[in-house]
Participant: 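Take a look at the following structure, please.
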Amino acid sequence: MTTAPLSPARTAATATRVLRQLHNDPRTIALLLLVPCLLLLLLRYVFDGSPETFDGIGASLLGIFPLITMFLVTSIATLRERTSGTLERLLALPLGKADFIAGYALAFGTLAAVQSLLTTGLAVLGLGLDVTGSPWLLLLVALLDAVLGTALGLFVSAFAASEFQAVQFMPAVIFPQLLLCGLFTPRDQMHPVLEAVSDVLPMSYAVDGMNEVQQHAGITGDFVRDVLVMVGCALLVLAVGAATLRRRTA
Amino acid sequence: MMNKEPGPAIRATGLTVVRGPRTVLRDLGFTVPAGRVTGLLGPSGCGKSTLIRAVMGTQAKVTGDLHVLGRPAGHPALRARIGYVTQAPAVFDDLTVRQNLEYFAAVLDPGRRAAARRRENVTRAVADVDLTRHADALAGNLSGGQRSRVSLAVALLGTPELLVLDEPTVGLDPVLRRDLWDLFGTIAADRGAGLLVSSHVMDEAERCHDLLLMREGGILAQDTPDALKTRTGTDTVEAAFLSLIDQAAEAESESAAGAARSRRQESPR
């Protein structure tokens, strides 16, 4: 009974529980869904005079928003589980670590899907973001970003002893990726060392993937590579995150 | 379970726990029988919670022999068989009482087919801790005592063979405390479950079948309340406990003085 690495019923129960917690906190949901839309709107009129710039940055941001928000939400939520004793209690029950993590990924992935639907819809239909490829591919990349953000948040929450520390991991983990992901300047124009660093950071592939969709009609080889790297990264970080959930603690 | 002579719910020999540089539990030996309420008593900081976490398998750096329901402590097969309440209420503040219990029930007894049984269990557990009127209130909006009762209700879900409760009655009013101790007695008598209940309130000790008295990471005595009172010639468990502590302290200072004396004699000067 407890030997299976993942129990679908317990995973579903965990995901339902996380969604219920969010449901009881409507303000958080509103912030999660509305803030990215408002930022896109803001960006559109910041670049009012140069729509091509908005096309480039807007597509990248569609990939970056879900990563950042899910990173923040997950790192705080799992930190709370660790400090409130609910994690210790759950791990003393027949709940597998994989159930716990998959439950979180599923719940926040669902939320991210709604968020990405809204932002992608707004950008493409409302703000005239010019996408050559299929907007559904944008959505796919956004979802993978959200799962990646969830994975990273779960991982860093193991190294934070308080909410103050957890929030500080955002500039530490996310900002360097933001600077190096190609949003501000193409990655091949960076110092070679930085370009090499950006090659191993997952957000670079999120932005590359978004740009592939934005510039090409079909599914390109580069796009497939970007998607695979993101999936691999998310799974790797989730596995490492699972290792930080300890049944026995000092 | 009733016709077969049950083994002890918990059996420990040479149990030692190290936390950081400190040895918190030193070479403990004790048993917690099934079908009885065992009180774990001692001043705060004496190692009660560490002992409980060792039993639950959540404490790191445990050495010695510790068997729970016939298996080594922390064995995965034990997780559905033990009800556990931590000292601080471990519940989700942003879920209602019922939502909290529904989730923990689904972890214990998952699947669509168990849904009816889970509903029954949740309703019963809420009633057991007298929270039926607050079942749809958010746990975070409840008082401290009510939140610890939600935490206790989680441990009462299903039919645990062993209940491990770390100070479950702290901050509760006398009526509720009496009701809960009645419930503990009923669980032990009717289900044959073993209960290990820590407390530092000595009048609760009178309600236990057996007592484990702890002091500074060691077991001072294990006996029934009556036997302890007889042994120490006192009327209450509190007086018995104090008398045992004084004896232990005296013996310690004597042996320390003896050791100092013998050191002086051995030293060349």
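Only heavy atoms go into these numbers, but all of them, side chains included; no hydrogens, no water, no symmetry mates. Throughout, protein chains are lettered first and strands after them, A, B, ... in sequence-line order, and every chain is numbered starting at 1.
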Participant: So do the side chains of A/F65 and A/D145 get within less than 4.5 Å of each other, counting heavy atoms only?
Facilitator: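 Sidechains of A/D145 and A/F65: no contact.
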Participant: What part of B/T86 gets closer than 4.5 Å to chain A, counting heavy atoms only: side chain, backbone, both or neither?
Facilitator: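 It is the side chain, since no backbone atom gets that close.
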Participant: Is chain A contacted by the side chain of B/A114, its backbone, both, or neither, given a heavy-atom distance below 4.5 Å?
Facilitator: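 Contact with chain A is absent: no heavy atom of B/A114 under 4.5 Å.
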Participant: Is B/R147 salt-bridged to B/D93, going by a charged N under 4.0 Å from an acidic O?
Facilitator: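 Between B/D93 and B/R147 there is a salt bridge, with a charged N closer than 4.0 Å to a carboxylate O.
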Participant: Looking at B/Q99, B/R19, B/E102, which one has more heavy-atom pairs under 4.5 Å with chain A than the rest?
Facilitator: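 Greatest number of close heavy-atom pairs with chain A: B/Q99.
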Participant: Tell me, for B/T50 versus chain A, whether the close heavy atoms (under 4.5 Å) come from the side chain, the backbone, both or neither.
Facilitator: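 B/T50 has no heavy atom closer than 4.5 Å to chain A.
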Participant: Heavy-atom cut-off 4.5 Å, strictly under: side chain, backbone, both or neither for A/R246 against chain B?
Facilitator: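 A/R246 has no heavy atom closer than 4.5 Å to chain B.
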Participant: Thinking salt bridges, do A/E81 and A/R17 make one under a 4.0 Å N-O criterion?
Facilitator: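 Yes, this pair counts.
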Participant: Please rank B/K61, B/R112, B/Q87, B/R53 by heavy-atom pairs under 4.5 Å with chain A and give me the top one.
Facilitator: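 Most heavy-atom pairs under 4.5 Å with chain A: B/R53.
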Participant: Can you see whether A/R89 engages A/S84 through a side-chain donor-acceptor pair at a distance of less than 3.5 angstrom?
Facilitator: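 A/R89 vs A/S84: no donor-acceptor pair found between side chains.
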Participant: For residues A/T150 and A/I101, determine if any side-chain heavy atom of one lies less than 4.5 Å from a side-chain heavy atom of the other.
Facilitator: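 No, side chains not in contact.
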Participant: Which answer fits B/L138, side chain, backbone, both or neither, if we ask what part of it has an atom under 4.5 Å from a heavy atom of chain A?
Facilitator: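 Only the side chain of B/L138 comes within 4.5 Å of chain A.
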Participant: Please determine, among B/A88, B/G57, B/G83, the option with the most heavy-atom pairs under 4.5 Å with chain A.
Facilitator: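 Counting heavy-atom pairs under 4.5 Å, the top option is B/G57.
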Participant: Do we see a donor-acceptor contact under 3.5 Å between the side chains of B/S198 and B/D166?
Facilitator: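 Judged by distance alone, the side chains do pair up.
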Participant: Flag the pair A/L152 / A/Q177 as yes when at least one side-chain heavy-atom distance between them is below 4.5 Å, and no otherwise.
Facilitator: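 Yes; the side chains approach each other to less than 4.5 Å.
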Participant: So what's closer than 4.5 Å to chain B heavy atoms on A/L91: side chain, backbone, both or neither?
Facilitator: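 Contact with chain B involves the backbone of A/L91 alone.
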Participant: Highest number of heavy-atom pairs under 4.5 Å with chain B: which of A/T16, A/L90, A/D25?
Facilitator: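 Looking at each option in turn, the highest pair count goes to A/L90.
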Participant: Based on non-hydrogen pairs under 4.5 Å, which of B/M56, B/Q59, B/R81 is most in contact with chain A?
Facilitator: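 Ranked by contacts with chain A, first place is B/Q59.
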Participant: Is it true that A/T249 and A/E88 share a donor-acceptor pair across their side chains at a distance under 3.5 Å?
Facilitator: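 Side-chain D/A pair, A/E88 to A/T249: absent.
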Participant: At a heavy-atom separation under 4.5 Å, does B/V85 approach chain A through its side chain, its backbone, both, or neither?
Facilitator: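 For B/V85, heavy atoms of backbone and side chain both lie under 4.5 Å from chain A.
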